[in-house]
Amino acid sequence: VQSQTAADVEASSSTDAEQKTVSGTIESIEDFQFVIYDEDDNYYQFSFEETPKGLDKVKVGDTVMVTYTGTVSEVDPFLGEVISVDKVNG
């Protein structure tokens, strides 16, 4: 029974860690968060403890693709981890 429980926990952990991406334009960058908006003017705030990979290479106004785990929405606080921020050419 314990092995089933461990497998269930492992399965739910891997589901939570699924990487997702969202693209948008950087609105602001602060010490522990940054905000992007998409082409429909939806704003997404990402908070972090350690500076995500690539954030130091982008600036306000750049179009970026954010790779993250967890959940991001316009109204709720970001729950997850930012994996990377990559500038999109164009």
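Position 1 is the first residue of the sequence; numbering continues from there. Model, not experiment: these values are computed from the prediction.
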Correct closest heavy-atom pair for Val72 and Gln45 would be CG2-O, 4.1 Å
Between Asp38 and Asp40, is there a donor-acceptor pair closer than 3.5 Å when you use the side chain of the first and the backbone of the second?
yes
How far apart are the closest heavy atoms of Thr69 and Ile83, and which atoms are they?
CG2-CD1, 4.2 Å
For Met65 and Ser23, work out which heavy atoms get closest and say how close.
CE-OG, 3.5 Å
For the atom pair CD (Glu49) and OG1 (Thr51), what is the distance rounded to the nearest 0.5 Å?
11.0 Å
What about Phe78 and Val85, same hydrophobic cluster or not, with Ile/Leu/Val/Met/Phe/Trp/Tyr joined at side-chain heavy-atom distances under 4.5 Å?
yes
Rounded to the nearest 0.5 Å, how far does OG1 of Thr63 lie from OH of Tyr37?
8.0 Å
Working note: Phe46 + Gln33, criterion side-chain contact (heavy atoms from CB on, under 4.5 Å); need CA distance, chi angles, decisive distance, verdict.
CA-CA 5 Å; Phe46 292 91; Gln33 70 177 13; over 6 Å; no
Closest non-hydrogen atoms of Val60 and Glu27, given as atom of the first, atom of the second and distance, are CG1-O, 3.5 Å
Between the main-chain N or O of Asp86 and the side-chain N or O of Lys57, is there a donor-acceptor pair closer than 3.5 Å?
no
Nearest heavy-atom contact between Lys59 and Ile29 is CA-CD1, 4.1 Å
So Val64 and Ile36, do their side chains get closer than 4.5 Å, heavy atoms only?
yes
Taking the six-membered ring for Trp, are Phe48 and Phe32 parallel (under 30°), tilted (30 to 60°) or perpendicular (over 60°)?
tilted
Within the 4.5 Å heavy-atom criterion, are Val66 and Phe34 side-chain neighbours or not?
yes
Within a strict 4.5 Å, meaning less than it, do heavy atoms of the Tyr68 and Gln19 side chains meet?
no
